[in-house]
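Notes to accompany the following structure.
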Amino acid sequence: MEDKGAFSFSTCWNIKRHTSGSGMLQEIRDLGFRRVELNYNVTEEMLATIEPMIERGEIGISSVHNTFPHVRDPDYGTDSVLLGFEEEEKRQRALELLVRSAEYAQRYGGEAVVVHPGEVPFPNDISRELGQIYNGEGRDSEVYRSKWAELMERRAAYSAGYVQTITESLYEVCNRAASKGLNVSFGIETRSRPQQIPTLAEAGTIIRALKGAPVGIWYDTGHAIMMDRLGLYDSVGEMEGLMDDIVGVHIHETIGLSDHWCPYVHSKDMDFYDAYLPMIERAQVKVYELKAACRPEDIKASHQLLAAKLAGRGQAGC
């Protein structure tokens with residue numbers, strides 16, 4: 001079994017196959033990973049068997065993914081306004097849950113919390129509509145351009161207000177975390193739907209406004225690729241100025257608009273993903289976030305390719 005070193009691995013890969021937390025983590029250990037990211041579907045019941053493993057030193061925790069442990073209320077799920085809620089009671093609940101995630105991260109020795117900050121809400125599922133048009137008629141089609149213009153018009157009208165509220169929310173969260181003596185970073189994640197916050201420019205705005213606070217970008221490579229293909233931002237060029245603010249990365253590749261595949265192995269393109277190696281290098285926390293369809297042999301081959309490419313760039317310890 002190849003030791004994957006400092007690389008971590010998200011429980012999103014196998015959580016649906018397990019009811020026991022210890023069984024889930026043992027399967028990840030069998031891949032050679034010594035650290036895991038506990039994702040937002042991990043329940044308190046699962047933690048009952050995970051915590052003894054942590055205490056015995058059998059597994060390390062790199063990070064947890066807000067909202068953690070799992071909260072069944074969709075208002076506080078992964079695709080939500082969350083830190084941008086206009087209703088103060090809902091916003092305060094979102095802040096409490098994020099601080100709780102940070103408390104769990106510190107308790108388990110984790111370095112960071114992955115944060116979905118929020119989104120510009122739409123009355124229709126515009127992300128799904130855009131994906132269908134992209135796959136059927138292409139990004140250059142008139143129908144795509146029309147739907148994209150609808151998205152951008154609403155985003156332009158409302159995003160600044162949500163970004164401001166999210167910034168204020170993160171400021172409050174950092175103050176509460178500091179008052180509790182928590183020493184973890186908050187990584188605002190690049191998202192998988194174009195109405196979601198942040199774009200890379202929005203991430204820069206939030207991070208600059210909170211300069212000195214433990215807030216940076218969590219660069220999800222697969223999501224960034226998707227947003228680049230849809231036309232939301234330049235996933236490589238717009239990272240200029242943000243490279244020093246990378247808290248962590250989610251490592252996975254996107255084929256078309258289908259994400260969470262093993263880099264290099266499933267696309268069979270040995271060069272495309274190289275553009276995202278600098279982001280992986282700069283991240284303090286490096287986490288594979290792969291889908292259940294990725295087989296152990298695919299994961300092994302993908303990691304060997306990625307590690308060799310990083311080593312070729314002069315990355316030590318890989």
Side-chain angles (χ1 to χ4, degrees), residues 7 9-10 12-13 37 39 65 78-79 114-117 119 126-136 138-140 144 148 151-152 155 187-204 216-243 245-283 285-294 298-299 301-303 305-307 309-310 313:
F7 285 86
F9 196 86
S10 172
C12 77
W13 176 64
E37 177 175 289
N39 83 324
H65 196 312
T78 56
D79 300 315
V114 183
V115 182
H116 290 181
E119 62 181 50
I126 196 163
S127 176
R128 183 179 180 185
E129 292 173 21
L130 280 164
Q132 289 173 336
I133 298 168
Y134 180 97
N135 290 324
R139 179 174 153 179
D140 294 329
Y144 186 89
W148 188 258
L151 167 80
M152 296 307 290
R155 237 188 170 284
I188 51 176
E189 184 180 359
T190 51
R191 301 303 320 285
S192 62
R193 300 181 182 183
Q195 73 271 27
Q196 294 173 324
I197 295 169
T199 63
L200 295 181
E202 289 163 352
I217 187 169
W218 190 280
Y219 190 81
D220 185 298
T221 58
H223 294 170
I225 292 166
M226 289 171 69
M227 293 306 98
D228 195 321
R229 287 177 180 163
L230 288 173
L232 190 63
Y233 54 75
D234 179 343
S235 62
V236 176
E238 290 187 51
M239 280 302 292
E240 186 77 26
L242 281 170
M243 293 297 285
D245 297 303
I246 301 177
V247 170
V249 290
H250 279 152
I251 301 168
H252 60 102
E253 193 167 3
T254 296
I255 301 172
L257 297 181
S258 174
D259 57 356
H260 299 287
W261 294 104
C262 295
Y264 303 109
V265 169
H266 287 113
S267 67
K268 296 182 170 43
D269 187 327
M270 292 297 110
D271 301 310
F272 172 78
Y273 198 75
D274 291 359
Y276 302 91
L277 296 178
M279 294 69 150
I280 296 171
E281 282 182 335
R282 297 296 284 273
V285 186
K286 311 178 199 301
V287 182
Y288 283 95
E289 191 181 56
L290 303 176
K291 61 173 61 180
C294 296
D298 300 327
I299 296 166
S302 179
H303 178 71
L305 286 164
L306 186 135
K309 284 173 175 283
L310 287 171
R313 292 174 54 86

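These numbers were taken from a predicted model, which means no experiment stands behind them. Index from 1, following the sequence.
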Measuring from atom [atom1] of [X] to atom [atom2] of [Y], what distance do you get when rounded to the nearest 0.5 angstrom?
X      : Y      : atom1 : atom2 : result
Trp218 : Asp245 : CH2   : CG    : 14.5 Å
Cys262 : Leu306 : SG    : CG    : 10.5 Å
His266 : Ser302 : NE2   : OG    : 8.5 Å
Glu253 : Asp259 : CD    : CG    : 11.0 Å
His303 : Tyr288 : NE2   : OH    : 5.0 Å

Assess, by modelled atom type and distance only, whether the side chains of [X] and [Y] contain a donor and an acceptor separated by less than 3.5 Å.
X      : Y      : result
His223 : Gln196 : no
Tyr264 : Asp274 : yes
His260 : His250 : no

Practice prompt. Please tell me if the side chains of Pro117 and Glu202 come closer than 4.5 Å, counting only heavy atoms from C-beta onward.
Written response: no
Worksheet item: Looking at side-chain heavy atoms only, is the closest gap between Pro263 and Leu305 below 4.5 Å?
Response: no
Under 3.5 Å donor-acceptor, [X] side chain and [Y] backbone:
X      : Y      : value
Arg229 : Leu257 : no
Asp228 : Ala224 : no
Ser235 : Ile225 : no
Lys286 : Val249 : no
Trp261 : Ser267 : no
Thr221 : His252 : yes

Worksheet item: Is there a salt bridge (Lys or Arg N to Asp or Glu O under 4.0 Å) between Arg191 and Asp79 once you walk through the steps?
Response: CA-CA 9 Å; Arg191 301 303 320 285; Asp79 300 315; 3.2 Å; yes
Practice prompt. Dump the intermediate steps for side-chain contact (heavy atoms from CB on, under 4.5 Å) on Leu200 and Ile217, then the final yes or no.
Written response: CA-CA 9 Å; Leu200 295 181; Ile217 187 169; 3.7 Å; yes
Worksheet item: Under 6.0 Å from the six-membered ring centre of Tyr233 and within 45° of its axis: does the NZ or CZ of Arg155 meet both?
Response: no
Fill in: Test side chain to side chain donor-acceptor pair (under 3.5 Å) applied to His65 and Glu37, Glu289, His116, the passing residue
His116
Practice prompt. State whether Arg193 and Glu119 are salt-bridged, where the test is any N-O pair (Lys NZ or Arg NE/NH1/NH2 against Asp/Glu carboxylate O) under 4.0 Å.
Written response: no
Worksheet item: Mind checking whether Tyr273 and Tyr276 have parallel, tilted or perpendicular rings, split at 30° and 60°?
Response: tilted
